[in-house]
Number of protein chains: 2
Amino acid sequence: MEARIEHIKQQLQSQGYKLTPQREATVRVLLENEEDHLSAEDVFMLVKDKAPEIGLATVYRTLELLSDLHIVEKMNFGDGVARYDLRHESSKHHHHHLICVVCGSVDEIMDDWLLPLEERLAKEYHFKVLDHRLDFQGVCWRCKDKEPEDMNKK
Amino acid sequence: MEARIEHIKQQLQSQGYKLTPQREATVRVLLENEEDHLSAEDVFMLVKDKAPEIGLATVYRTLELLSDLHIVEKMNFGDGVARYDLRHESSKHHHHHLICVVCGSVDEIMDDWLLPLEERLAKEYHFKVLDHRLDFQGVCWRCKDKEPEDMNKK
DNA sequence: ATAGGTGCAAACTGTTTGCAATCGT
DNA sequence: ACGATTGCAAACAGTTTGCACCTAT
């Protein structure tokens, strides 16, 4: 964990940015919630525990910066709220999301199932794929047992 | 075209809603721009030609209503703007998007390539898929020839 | 008359920005 | 001292909502 912070610090410094206390606190929150797809507001509230004086704008600026440096990934499920995830060190991992329409949970699956499709796209549509995202809406295993009372969204 | 409006009218009426002139004008705009992924503001401006007195709120309400009835699909590429598309009559078609990072164009491909994956999800993750979306970011055939000068986003 | 629908303006939400104060080197 | 960074508040964009009016039954 310290090693990963150190690594991020170097990434920042190599681009002329500093790892300020606020930025470090933000990164730590992201590290501690790596699987959670936090919104900026979520991050803000968690960071306040570590650095109570921080402002929401700083969190936004930090997340934006980290996103520009491809240290975090900014994503966006259809609800108009940006969510942020630390990118995993190795490989441009493509994660896919299982979004439960009942409880709102977002699980991740990491397999890269789409390589064959990308090849097909290149061939049939002459489209050069740089990245992709794949989200499934449905019912997660946790909710599948409960009675299906409220399956209509909102 | 008139037939499709008639069909939508019946869908509305079967749920107790009316096809008011404003709603009809909105639907016509969607029909005339079926491939365009219009934002609410786009729709608003186009509808004003047909029904100048219409308010933006009505457009939002209409799009929301049509979305609830699954007549249009509300979608959202990462830019914080909701976009709307008429759903194609037949089948719950899953369209996938080819988003060009150079020119911003959004092409659609209609094939349903993911059925095998959905089966695998059910088996391996016990996730019941209701819908999915798949977007590819990359370079479209139109831009691929031009020199690759400006590949950095924003 | 009554319920649904509309236009307008105000409210709200998530995000960005201007700016003066502050920090680290 | 200098440029980068911060906190705050105000600005912003897209969307939603409250409400009085309207319009078909």
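Each chain gets a letter, A, B and so on, in the order the sequences are listed, and its residues count up from 1. On a predicted model such as this, the values are computed, not experimentally measured, just so you know.
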(Q) At less than 4.0 Å, is any side-chain N or O atom of B/Y60 found next to OP1 or OP2 of D/dT16? Yes or no. (A) no
Q: List in chain and number order the residues that pass salt bridge (Lys or Arg N to Asp or Glu O under 4.0 Å) with A/D68, two or more places apart in sequence or in another chain; answer none if no residue qualifies.
A: none
Dump every N/O contact between nucleotides 4-11 of chain C and the protein below 3.5 Å, one line per pair.
residue	atom	partner	partner atom	Å
C/dG5	OP1	B/K18	N	3.1
C/dG5	OP1	B/R23	NH1	2.8
C/dT6	OP1	B/T20	OG1	2.5
C/dT6	OP1	B/Q22	OE1	3.4
C/dT6	O3'	B/Q22	NE2	2.8
C/dG7	OP1	B/Q22	NE2	3.3
C/dG7	OP1	B/E53	O	3.1
C/dG7	OP2	B/G55	N	3.2
C/dG7	OP2	B/T58	OG1	2.6
C/dG7	N7	B/R61	NH2	2.8
C/dG7	O6	B/R61	NH1	3.4
C/dG7	O6	B/R61	NH2	3.3

Q. What's the CD-C1' distance between B/E64 and D/dT17, to the nearest Å?
A. 12 Å
**Q.** Atom-to-atom span, NZ of A/K74 to P of C/dG14 - whole angstrom
**A.** 14 Å
(Q) I need the CG-P distance between B/D79 and C/dT15, as an integer number of Å. (A) 13 Å
Q: Mind checking side-chain contact (heavy atoms from CB on, under 4.5 Å) for B/A57 and listing every partner two or more places apart, or none if nothing turns up?
A: B/R61
Q: Starting at atom CG of A/L38, determine the distance to atom P of C/dT15, rounded to an integer number of angstrom.
A: 13 Å
Q) What is the distance from CG of A/L19 to P of D/dT5, rounded to the nearest Å? A) 11 Å
(Q) Rounded to whole Å, please give me the gap between CD in A/E24 and P in D/dT5. (A) 15 Å
Q: Find the distance A/F44:CZ to D/dT6:P and express it as a whole number of Å.
A: 14 Å
Q: Among residues two or more places apart or on two chains, list those pairs meeting side-chain hydrogen bond (donor to acceptor under 3.5 Å, both in side chains) that have a residue in residues 40-56 of chain B.
A: B/E32-B/K50, B/S39-B/D42
(Q) Do the side chains of B/E34 and B/R4 get close enough for a salt bridge, i.e. N-O under 4.0 angstrom? (A) yes
Q: With sequence neighbours excluded, tell me which residues meet side-chain contact (heavy atoms from CB on, under 4.5 Å) with B/L46.
A: B/V29, B/N33, B/L38
Q.
Restricting to ring-ring contact (aromatic ring centres under 6.0 Å, His included), what partner residues turn up for B/F136, sequence neighbours left out?
A. A/H132
Q) What integer distance in Å separates B/K9:NZ from D/dA24:P? A) 13 Å
